[in-house]
Amino acid sequence: MKQKIEYDNLIPINAYLWCPKPYPQPLHFHSSLEIGYCREGRGKFIFENKLYEVRKGDVFIVNNTELHIAQSAEHDPSRYIFLNFDPSLFLEEDEKLLLPFAYRSERFENHIAAGTPLAQQIGVLIQQIYEELNAKSEGYLTIARCKLLELGVTLLRHYRSGFSNEQWVKMSNSQREIKEMLLFVKERFQEPLQLTDVAAHLDWSTARTSRFFKEHTGSSFITYITQLRISEAKKQLVTNLESIADISFSSGFQSLASFYRAFNSDVGMSPQEYRKQFGVKQLF
DNA sequence: ACGTCTATCTTGGAAGATCC
DNA sequence: GGATCTTCCAAGATAGACGT
């Protein structure tokens with residue numbers, strides 16, 4: 001089951017406390033990356049084909065493709081701080097920060113054991129990000145973003161130590177291709193962009209591009225670009241008074257039928273209702 | 001890891017209904 | 001009466017199975 005993540009902050013990052021249920025729940029995944037820090041209690045962390053016993057101080061890394069769920073022990077419930085954030089936060093800073101989350105790497109690790117210096121370091125950073133995002137003092141988003149990047153670098157340095165220079169160069173190149181692909185899409189989503197255009201840009205076959213896209217973003221090309229277009233349309237609906245048809249086309253949709261279909265299925269209401277609820281007139 | 005093939009899914013245009 | 005929204009369907013795009 002794919003879970004939809006809404007971010008509570010102006011940058012795409014959430015930090016929240018979570019106490020998993022003491023009985024089995026369905027596995028889920030989401031397009032955000034996730035890091036969970038167990039502050040107390042015991043339990044299990046379940047992935048598709050892996051199961052970890054959890055104790056206080058454990059850290060779990062979850063990428064945007066893997067099905068997972070946490071479960072508490074019956075008489076000693078586990079309590080976590082979870083961070084959810086959009087991969088773009090790392091991608092825009094340094095694409096290599098995403099490597100420790102790359103599932104296809106043979107060194108991908110879900111679990112960082114309690115008591116290790118790495119788990120302790122990450123635990124402190126997660127706690128600080130959580131406190132910043134909750135206190136909302138002046139400049140809290142900047143601090144939260146910086147601490148998240150620090151967390152990313154900490155993971156990256158640990159991860160880097162396990163590779164030869166040759167392996168590392170190869171992986172870094174692959175990461176650069178992902179960045180190039182996503183930036184190409186981000187710059188052109190308001191045009192009638194198709195998968196074949198991205199493939200032509202990279203000089204790849206469409207099948208290869210399609211696979212690569214899904215593998216690295218967790219979404220298909222069409223889902224990814226539709227999300228960008230809907231976000232753009234939402235932004236325009238609440239900030240200007242252009243007709244819905246104009247907004248649809250300037251967001252990158254090629255027909256009104258596609259726009260209404262996509263908007264309704266993603267947002268759960270019509271564009272007009274959305275504008276009524278969150279639009280400019282409501283703000284003044 | 002990558003290309004080819006193809007079943008399935010999605011889109012865009014048209015027509016029409018509904019809303020304001 | 002214009003703007004918004006839905007439905008239908010042919011055409012085109014995409015994802016995944018399969019082969020190398």
Side-chain angles (χ1 to χ4, degrees), chain A residues 1-2 4 29-31 48-49 63-67 95 98-99 102-108 163-164 166-182 184-186 188-282:
Chain A
M1 175 174 68
K2 182 160 186 173
K4 200 175 161 190
F29 74 105
H30 31 66
S31 55
E48 281 159 79
N49 49 5
N63 71 15
N64 51 1
T65 61
E66 205 173 19
L67 285 162
E95 67 275 6
L98 290 173
L99 281 172
Y103 187 45
R104 68 174 184 165
S105 155
E106 66 280 8
R107 284 206 68 245
F108 178 73
F163 292 96
S164 69
E166 195 186 337
Q167 285 174 312
W168 192 249
V169 167
K170 205 173 156 193
M171 288 170 71
S172 302
N173 286 342
S174 165
Q175 245 359 63
R176 240 193 316 279
E177 287 171 338
I178 297 163
K179 184 173 188 176
E180 187 181 342
M181 181 176 74
L182 294 183
F184 183 76
V185 175
K186 207 170 176 181
R188 287 159 210 258
F189 73 90
Q190 285 160 288
E191 302 165 19
L193 185 71
Q194 287 162 2
L195 184 64
T196 45
D197 301 318
V198 184
H201 175 70
L202 296 168
D203 201 18
W204 288 357
S205 71
T206 48
R208 182 181 171 193
T209 313
S210 170
R211 270 194 296 267
F212 191 81
F213 207 96
K214 182 117 195 212
E215 197 175 328
H216 289 92
T217 66
S219 314
S220 67
F221 170 76
I222 203 74
T223 309
Y224 186 87
I225 197 166
T226 302
Q227 272 306 318
L228 288 177
R229 287 172 173 162
I230 288 173
S231 298
E232 176 62 26
K234 280 160 109 179
K235 212 185 301 167
Q236 290 195 34
L237 281 167
V238 300
T239 54
N240 72 41
L241 297 170
E242 295 287 313
S243 74
I244 286 173
D246 286 348
I247 288 176
S248 153
F249 293 118
S250 71
S251 302
F253 290 93
Q254 300 305 303
S255 79
L256 281 171
S258 311
F259 174 61
Y260 284 115
R261 253 192 313 256
F263 198 94
N264 253 317
S265 103
D266 186 79
V267 186
M269 63 178 87
S270 71
Q272 197 178 39
E273 278 176 82
Y274 186 83
R275 178 177 255 168
K276 270 187 199 154
Q277 266 194 43
F278 305 107
V280 125
K281 282 182 187 160
Q282 299 303 113

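So you know, we letter chains A, B, ... as the sequences are listed, proteins then strands, and number each from 1. Heavy-atom basis, side chains included; hydrogens, waters and symmetry copies ignored. If you're wondering where the values come from, they're calculated on a predicted model, not measured in any experiment.
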Seminar exercise, completed: Rounding to 0.5 Å, atoms CD1 (A:I225) and CG (A:L193) come to a distance of 4.5 Å
Problem set entry | Inter-residue atom distance A:I230.CD1 - A:F259.CZ, 0.5 Å rounding | 8.0 Å
Problem set entry | Along DNA chain C (nearest heavy atom to each residue), the more 5'-positioned of A:A207 and A:S243 | A:S243
For this session: Give a yes or no on this: more than 12 heavy atoms of other residues, nucleotides or ligands lie within 6.0 Å of atom NZ of A:K186.
Result: no
Under-3.5 Å N/O pairs linking protein and nucleotides 11-14 of chain C:
residue	atom	partner	partner atom	Å
C:dA13	OP1	A:Q194	OE1	3.4
C:dT14	OP1	A:L195	N	3.2

Exercise. Are A:F253 and A:F263 close enough that their ring centers fall under 6.0 Å?
Worked result: no
Exercise. Can you check the A:L241 CG to C:dA3 P distance for me, whole Å?
Worked result: 14 Å
Exercise. For residues A:Q236 and A:S250, is any side-chain donor paired with an opposing acceptor at under 3.5 Å?
Worked result: yes
Seminar exercise, completed: Rounded to whole Å, CD1 of A:I247 lies from P of C:dA3 at a distance of 14 Å
Seminar exercise, completed: note: A:D203, atom CG; B:dC2, atom P; distance rounded to Å ~ 13 Å
For this session: Answer yes when A:K235 and A:E232 have at least one side-chain N-carboxylate O distance shorter than 4.0 Å, and no when they do not.
Result: yes
Exercise. Salt bridge (charged side-chain N to carboxylate O under 4.0 Å, His left out) between A:K276 and A:E273: does it pass, once the steps are laid out?
Worked result: CA-CA 5 Å; A:K276 270 187 199 154; A:E273 278 176 82; over 6 Å; no
For this session: Decide yes or no for A:L237 and A:F278: does some side-chain heavy atom of the first lie under 4.5 Å from some side-chain heavy atom of the second?
Result: no
What are the atom names and distances for every N/O pair under 3.5 Å that joins the protein to nucleotides 13-20 of chain B?
residue	atom	partner	partner atom	Å
B:dG13	OP2	A:Q254	O	3.4

Problem set entry | Rounded interatomic separation in angstrom, taking CZ from A:R208 and P from B:dC5 | 19 Å
